[in-house]
Undergrad: 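Encoded as structure tokens, here's the structure I'll be asking about.
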Amino acid sequence: MHQERGANRAMPDAATQLDIYRRMIRIERNDDATIRTIKQGRLQMPYYSARGQEVIPSAVSVNLNPDDTICTIYRGIHDMVAKGVPLRPLWAEIAGRVTGTCKGKGGPMHITHPESGVMVTTGIVGSSMPIANGLAWAAKLDGSRRVTVAYFGDGASNIGAFHESLNLASLWKLPVIFVCQNNRYAEHSRFDKCTAVDRVAKRAGSYDMPGETVDGNDPFEMYAAAREAIERARDGGGPTLIEAITFRFLGHVFGDDDKYMDKAEKAAAMARDPIPAFRARLLESGVATEQGLADMHKDITAEVEDAMQFALGSEFPSVDELRRDVFATEIAL
Ligand SMILES: Cc1ncc(C[n+]2csc(CCOP(=O)(O)OP(=O)(O)O)c2C)c(N)n1
Ligand SMILES: [Mg+2]
């Protein structure tokens, strides 16, 4: 069932707008520093940039509490930054260092940080959703008001686990929000070449849950959809499917030459970069000043630089770490 877009939708106040923008800049500065460090040969990792998708987790996360949980994917560092994972241990983890969130044993595609609510990062397409259901079921059993957000891509909506998860979440009225970041491509395949519906949100109807397609690059639309879905889940109203339309500015993975992407489509999407667009809106409405945003940019750039230096200056895990945290009882080799 598609939701009507009412005129009286939730609106972020000035402080919340700035909070969303701050999270977006942390994501963008982090992305920029990651690519620079890889190019310098100081970081070796498979990197799935989410440049262009900054609005989605930022506008979702301002509606989440620290103990609300998320499940994300390999292209999910933006989701983690938005949820509030501290940058030092995040960088140390992607660099495989012992000071990382998982002591360097997870690496960039398997980051967890339960203290911030990041419960899993998965490289298996479609698997964030059943895990999110489990966390939401646990919250329900605990009688808590915690909610879980499952982030995934458009390609993942064609995987069986997506359909199984929506079915069960609806049947059991789980406090889970399914957020599809539809960036128009799944690896090298265009969305319309491999998806039978033109809107992923239509699939919510098959599972009798609210579903909505929103402009995932519009902070106001994204905020309203996320807030309503999160409140519904918290109040026992069950799950929602949100399809956030966006665009992947860079290739599937760092080093991908983009040849398969439609050049005109890509140029048009990049001309609508959500960061300068939101910046202009904040200035125009008087919510922010040039000086205030320049100071924010400078502080965040310094914070990211500090995290990068911290990570690269940290040790790799020692061999005895290999067995630690793997089994309930550590076994001797
Ligand atoms: C079960 C499974 N099948 C295939 C792959 C290979 N693979 C990795 S990423 C990807 C594309 C997924 O696209 P989408 O869900 O749109 O997410 P995006 O990368 O665009 O964020 C594929 C097919 C995988 N990792 N797991
Ligand atoms: Mg995609």
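Side-chain atoms are counted along with the backbone in the values below, which use heavy atoms only and exclude waters and symmetry mates. Whatever order the structure lists ligands and atoms in, that order sets their numbers, starting from 1. Since we're looking at a predicted model, the values are computed, not measured.
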Undergrad: At a 4.0 Å threshold, what atoms of ligand 1 neighbour a non-hydrogen atom of A156?
TA: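 Taking each heavy atom of A156 in turn, ligand 1 has 15 (O) under 4.0 Å.
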Undergrad: Return yes or no for this condition: an N or O of I124 is under 3.5 Å from an N or O of ligand 1.
TA: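 Looking only at distances, the answer is no, because the N/O contact criterion of under 3.5 Å is not met.
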Undergrad: Does K83 reach the main-chain N or O of P66 with its side chain, forming a donor-acceptor pair under 3.5 Å?
TA: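 Flag set: sc K83 to bb P66 pair under 3.5 Å.
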Undergrad: Is there a polar contact between ligand 1 and R248, counting only N or O atoms under 3.5 Å apart?
TA: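 Looking only at distances, the answer is no, because the N/O contact criterion of under 3.5 Å is not met.
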Undergrad: With a cut-off of 2.8 Å, does any N, O or S atom of Q181 fall short of it relative to the Mg ion (ligand 2)?
TA: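 No, since none of the N, O or S atoms of Q181 sits under 2.8 Å from the Mg ion (ligand 2).
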Undergrad: Would you check if the side chain of H163 reaches a backbone N or O of S157 as a donor-acceptor pair within less than 3.5 Å?
TA: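 Side chain of H163 to backbone of S157, a donor-acceptor pair under 3.5 Å: yes, one is there.
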Undergrad: Are side-chain heavy atoms of R26 and L87 found at a separation under 4.5 Å?
TA: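 In short, these two side chains touch, coming nearer than 4.5 Å.
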Undergrad: Does V125, backbone or side chain, put an N or O under 3.5 Å from an N or O of ligand 1?
TA: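 Yes, since at least one N or O of V125 sits under 3.5 Å from an N or O of ligand 1.
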Undergrad: Given the Mg ion (ligand 2) as the apex, I'd like the angle to OD1 of N183 and O of Y185, rounded to 10 degrees.
TA: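 That angle works out to 80° after rounding to 10°.
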Undergrad: For ligand 1, is there an atom lying under 4.0 Å from some heavy atom of Y74?
TA: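 It does; at least one heavy atom falls under 4.0 Å.
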Undergrad: Do D31 and T34 have side-chain atoms, one donor and one acceptor, less than 3.5 Å apart?
TA: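 Checked: D31/T34 side chains show no N/O donor-acceptor pair below 3.5 Å.
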Undergrad: Among all protein heavy atoms, pick out the one at the shortest distance from atom 23 (C) of ligand 1; state its residue, atom name and that distance to 0.1 Å.
TA: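 In this structure, atom 23 (C) of ligand 1 has E187 OE1, 3.2 Å as its nearest protein heavy atom.
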Undergrad: Give the residue, atom name and distance (to 0.1 Å) of the protein heavy atom nearest atom 21 (O) of ligand 1.
TA: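 The closest heavy atom on the protein side is R75 NE, 2.8 Å.
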Undergrad: Among all the protein's non-hydrogen atoms, which is closest to atom 14 (P) of ligand 1, and how far away is it?
TA: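 Sorting protein heavy atoms by distance from atom 14 (P) of ligand 1 puts G155 N, 3.4 Å first.
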Undergrad: So, Q17 side chain and P12 main chain: donor-acceptor pair closer than 3.5 Å or not?
TA: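 At least one qualifying donor-acceptor pair exists.
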Undergrad: Check each atom of ligand 1 against the heavy atoms of H252 and keep those under 4.0 Å away; list them by number with element.
TA: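 Matching atoms, with element in brackets: 9 (S), 19 (O).
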Undergrad: Give a yes or no on whether the backbone of T301 and the side-chain of R29 come within a donor-acceptor separation of less than 3.5 Å.
TA: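 Checking the backbone N and O of T301 against the side chain of R29, no donor-acceptor pair under 3.5 Å is found.
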Undergrad: Judged by atom type as modelled, is there a donor-acceptor pair below 3.5 Å linking the side chain of S285 to the main-chain atoms of L282?
TA: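 Yes; at least one donor-acceptor contact below 3.5 Å.
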Undergrad: Using a 4.0 Å cutoff against the non-hydrogen atoms of N183, which atoms of ligand 1 qualify?
TA: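 Answer, ordered by atom number: 18 (P), 20 (O), 21 (O).
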Undergrad: Consider ligand 1: state whether an atom of it lies below 4.0 angstrom from any non-hydrogen atom of Q181.
TA: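 Q181 does not count as a contact of ligand 1 under the 4.0 Å cut-off.
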Undergrad: Assess G123 for proximity to ligand 1: is some non-hydrogen atom of it under 4.0 Å away?
TA: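 It does, in that a heavy atom of G123 comes within the 4.0 Å cut-off of ligand 1.
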Undergrad: Does D68 reach the main-chain N or O of V147 with its side chain, forming a donor-acceptor pair under 3.5 Å?
TA: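 Such a contact is found between D68 side chain and V147 backbone.
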Undergrad: Specify whether an N/O/S atom of N182 falls short of 2.8 Å from the Mg ion (ligand 2).
TA: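 For N182, the answer is no, given that no N, O or S atom comes within less than 2.8 Å of the Mg ion (ligand 2).
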Undergrad: Between E187 and the Mg ion (ligand 2), is there a contact where an N/O/S atom of the residue lies under 2.8 Å from the metal?
TA: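 Within the cut-off used here (under 2.8 Å), E187 places no N, O or S atom near the Mg ion (ligand 2).
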Undergrad: Regarding T122 and S128, do their side chains bring together a donor and an acceptor under 3.5 Å, going by distance alone?
TA: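 Side chains of T122 and S128: no pair found under 3.5 Å.
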Undergrad: Quick one: which of D295, N30, I27, I25 gives a side-chain contact (heavy atoms from CB on, under 4.5 Å) with I300?
TA: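 For I300, the side-chain contact (heavy atoms from CB on, under 4.5 Å) check succeeds only for I25.
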Undergrad: Do I159 and ligand 1 have an N or O pair less than 3.5 Å apart?
TA: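 No, I159 has no N/O under 3.5 Å of an N/O on ligand 1.
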Undergrad: How is the N/O/S atom of D154 that comes nearest to the Mg ion (ligand 2) named?
TA: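 Per the distance ranking, D154 contributes OD1 as its closest N/O/S atom to the Mg ion (ligand 2).
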Undergrad: At their closest point, which heavy atom of R75 faces which heavy atom of H78, and how far apart are they?
TA: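 Closest approach of R75 to H78: O-CE1, 3.1 Å.
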